[in-house]
Amino acid sequence: MWLPCRCTTKYVAASIRRGVSASFLHVLRRGRSSWNSAAFMPESAGFEGVSGRDALHDYSVSHSENFWAAVARQRLNWIRPFDAVQDCDLSQGRIKWFEGGKLNVSVNCLDRHVHTCPERVALIWERDERGSEVRYTYRELLEMTCRLGNLLRRHGVKKGDCVTIYMPTCPLAVASMLACARIGAAHNVVFAGFSSEALAERIRDAQSSTVITVNQGVRGGKITELKRTVDAAVQSCPTVRQVFVAMRTEKRVEMADRDIALEEEMLKEDVVCEPAAMDSEDVLFLLYTSGSTGKPKGLVHTQAGYLLYAALTHRYVFGYHDGDVFGCVADIGWITGHSYTVYGPLANGGTTVLFESTPVYPDPGRYWDMVERLRINQFYGAPTAIRLLIRYGDQWVKKYDRSSLTTLGSVGEPINTEAWEWYNRVVGEGRCPVVDTWWQTETGGICIAPKPSEPDAEIVPGMAMRPFFGIKPVLMDTEGKLLTSNNTSGALCMAQPWPGMARTIHNNHQRFLETYFHPYPGYFFTGDGAYRSQEGYYQITGRLDDVINVSGHRIGTAEIEDVVNQCSAVAESAVIGYSHNIKGQGVYAFVVLKKGVDVQEVDLSKQLNNMVSEKIAKYACPDFIQFAKRLPKTRSGKIMRRVLRKVVDCDLEGLGDLSTLDDPAAVQEIIEGHEKVLSK
């Protein structure tokens, strides 16, 4: 694996305007103690009548063009200024931002910081082997990116091509993404846990001629044969001409004629690579996400709008300040890794952690040992991982110094109240705000979160709460009518566009329109349900296809799970609906207990039903409760509810490809447990 050479290089200071000025950083630090809009966001000095967070948000929605124009001019380096702020029409699914402008994303993430602070650490690679972290400065990352960009150019990759990246979270993966951006190629990062069939499908849809991978992956002490997976995938991908292979381990792998030794060839390249001037709306990357039809959809994100939104949300949702260490533990194969491990932090000149391991390797203290060693300030993880760690007890957290932490973030699914409170009380010692963030691959960045807010504003456990700047959420009823009152639930939509949103589905714009814009004409439909409290705060109730209709009563599975997870014996749960002869749908709950809990399942089932009855209603009580050692999950930690539904529906032939699961053996355990439940 490419390691920093630690050699010194002279740089001639160039005159370049930084996107975030030194004076801005000064006023940010000065403004921590009291809220002042201009200190908090310098651009707001030109926004008439703005004097607080709420007023700033109102302005960003009511004067959207002025807001985004000011922020874009200040925070991005432009080769050519944009002519128009936006050309958007949600009724037609048309989204265009900053047209006429030209820029290069890699320059915004690397070069401008190298000119002012070349030896600042850009990446800290937290390798699977604990205690063997490697740091890369902005200078070193730029050199790596330029060598790789030149290599791709030499091998025929040109502006507009799409390069597929099938790599674990590592510095070369980041450099690969940035090298594509530098030469004007789009990247298609595929999660390194996907099977050869899943990888091949994404390569074919993206029409990639170039793939970048590694010989082997290392995660949780286990070796995965990534090169072998690529070899199998490209057999059915006639467009692939070349595969660049990096070395994560010492093991040599079989190399075909199309295979190229990445590090060896990079050494032959120059450390200067001319950046391509890209239009604001040129494609930056494709990222495939699951679709309701089962066929993955390649969401398209473009240059300027995406980068601006990732940078702005990273700085303000997490309270990121110059010199902080940002620890997002998401894999780069997901949108969270794109926005908050790579693009957001690097655009802000930050130090970002690349986490290659698992929360429990070599023991359940891994996260917190890392926090102590790397002095992480903001930690961003998934509720699933938090619930997993609760099972092991507080001692694994308290063993390590977490005094560096200032903000704790949650991403991927709604966080239940018990996990939120443990995260706040045990991990954050009651002094770190917990930001439960709601967003999607489609949104590009965080849309609803407790922060930023007025100083000392309340944070309600388990609620995403406040829309970010420029975001205008609304709730719609089943008839497609706008719900204007508070203390109500409905389909979560967005009433106006923002720069970070996806532009289309690759090769299928009609599907893009039908999925996101046709259900509620004039609005962007998120597919999620939400509750708006009396105070106007938003709580995500789950996917609308995760809503169960019991005897005419609609209830979100996330709401039932939240109650079940409040039981002191429960580590986590998953609730699904199943076909019921009388009620239409019944409630089936899978429950995982905390380690060391010794209770009678019959007694605990009664307790859980009583809790659901008391906190929601009797109709929401589970008809069946299946206790399990673990739940089937993806390697990113998401519970595979689709698999659970197939098991409960006794449709085992419809389980599909299980190779993307963290441990496919968990499915067999669920099947056997389900058979026992039915036999009772």
Side-chain angles (χ1 to χ4, degrees), residues 4 6 20 22 24-25 28-29 32 109-110 113-114 116-142 169-171 173-175 178 310-332 336-357 359 365-382 385-386 397 399-411 423 427-429 431-435 437 446 451-452:
R6 303 299 178 211
V20 181
F24 166 52
L25 297 171
L28 245 182
R29 286 190 290 267
R32 289 190 191 193
C109 290
L110 299 175
H113 309 310
V114 167
T116 56
C117 45
E119 301 309 314
R120 175 183 291 171
V121 174
L123 307 178
I124 306 178
W125 183 22
E126 175 69 4
R127 289 153 46 98
D128 191 59
E129 304 88 348
R130 181 157 72 181
S132 64
E133 69 272 8
V134 185
R135 289 169 168 79
Y136 293 75
T137 66
Y138 272 92
R139 175 181 57 78
E140 290 163 339
L141 181 56
L142 176 60
T169 301
C170 62
V174 176
L178 293 169
L312 204 68
T313 49
H314 169 256
R315 183 171 291 280
Y316 288 110
V317 171
F318 299 100
Y320 185 86
H321 294 89
D322 201 30
D324 287 349
V325 176
F326 190 78
C328 173
V329 292
D331 192 281
I332 60 161
T336 304
H338 279 53
S339 298
Y340 300 113
T341 299
V342 181
Y343 286 114
L346 294 181
N348 286 328
T351 299
T352 182
V353 175
L354 307 179
F355 184 70
E356 187 183 40
S357 194
R366 180 58 186 269
Y367 277 168
W368 323 122
D369 166 69
M370 178 178 70
V371 167
E372 178 182 274
R373 274 188 293 109
L374 308 186
R375 304 302 294 164
I376 290 173
N377 303 106
Q378 295 86 11
F379 182 87
Y380 197 28
I386 300 304
V397 183
K399 181 179 178 181
Y400 299 100
D401 176 15
R402 303 169 319 284
S403 60
S404 61
L405 289 172
T406 60
T407 303
L408 300 173
S410 169
V411 62
Y423 200 21
V427 177
E429 301 171 309
R431 57 179 181 76
C432 301
V434 175
V435 290
T437 62
I446 295 162
K451 295 284 187 177

Looking at R315 and D324, does any basic side-chain N land under 4.0 Å from a carboxylate oxygen?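 Judged by the 4.0 Å cut-off on N to carboxylate O distance, R315 and D324 do not form a salt bridge.
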Can you tell if the side chain of [X] reaches within under 4.5 Å of the side chain of [Y], non-hydrogen atoms only?
X	Y	value
L374	R135	yes
Y367	V397	no
S404	V371	yes

With rounding to the nearest 0.5 Å, note down the distance linking [atom1] in [X] to [atom2] in [Y].
X	Y	atom1	atom2	result
E119	E140	CD	CD	7.0 Å
L312	I446	CG	CD1	11.0 Å
R402	L408	CZ	CG	9.5 Å
N348	Y316	CG	OH	9.0 Å
L110	L141	CG	CG	5.0 Å
T407	N377	OG1	CG	8.5 Å

So which heavy atom on [X] is nearest to which on [Y], and how close?
X	Y	result
L123	V121	O-CG1, 3.4 Å
G350	Y320	CA-OH, 2.9 Å
R130	D369	CD-OD2, 2.9 Å
F318	Q378	O-CG, 3.5 Å
Y400	G365	CE1-O, 3.6 Å
V353	M370	CG1-SD, 4.1 Å

Can you say whether the rings of F379 and W368 are parallel (under 30°), tilted (30 to 60°) or perpendicular (over 60°)?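 F379 and W368: tilted rings.
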Aromatic plane relationship, W125 with Y136 - under 30° parallel, 30 to 60° tilted, over 60° perpendicular: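 Aromatic pair Y136/W125 classed tilted.
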Does [X] use its side chain to pair, donor to acceptor, with the backbone of [Y] at less than 3.5 Å?
X	Y	answer
R120	H113	no
H338	I332	yes
S339	T336	no
T169	D331	no

Show your working on side chain to side chain contact (heavy atoms under 4.5 Å, CB included) between S403 and R375 and close with a plain yes or no. CA-CA 8 Å; S403 60; R375 304 302 294 164; 3.3 Å; yes
Test log, rule side-chain hydrogen bond (donor to acceptor under 3.5 Å, both in side chains), inputs T437 and Y380: CA-CA 10 Å; T437 62; Y380 197 28; 2.6 Å; yes
Worked check of side chain to side chain contact (heavy atoms under 4.5 Å, CB included) between T352 and C328: CA-CA 8 Å; T352 182; C328 173; 5.6 Å; no
Is the centre of the Y340 ring less than 6.0 Å from the centre of the F326 ring?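 No, the ring centres sit 6.0 Å or more apart.
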Reference residue C109; test side-chain contact (heavy atoms from CB on, under 4.5 Å); the match among L178, V342, L142: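 That would be L178.
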Take K399 and E372 through the salt bridge (Lys or Arg N to Asp or Glu O under 4.0 Å) test and state the conclusion after the steps. CA-CA 10 Å; K399 181 179 178 181; E372 178 182 274; over 6 Å; no
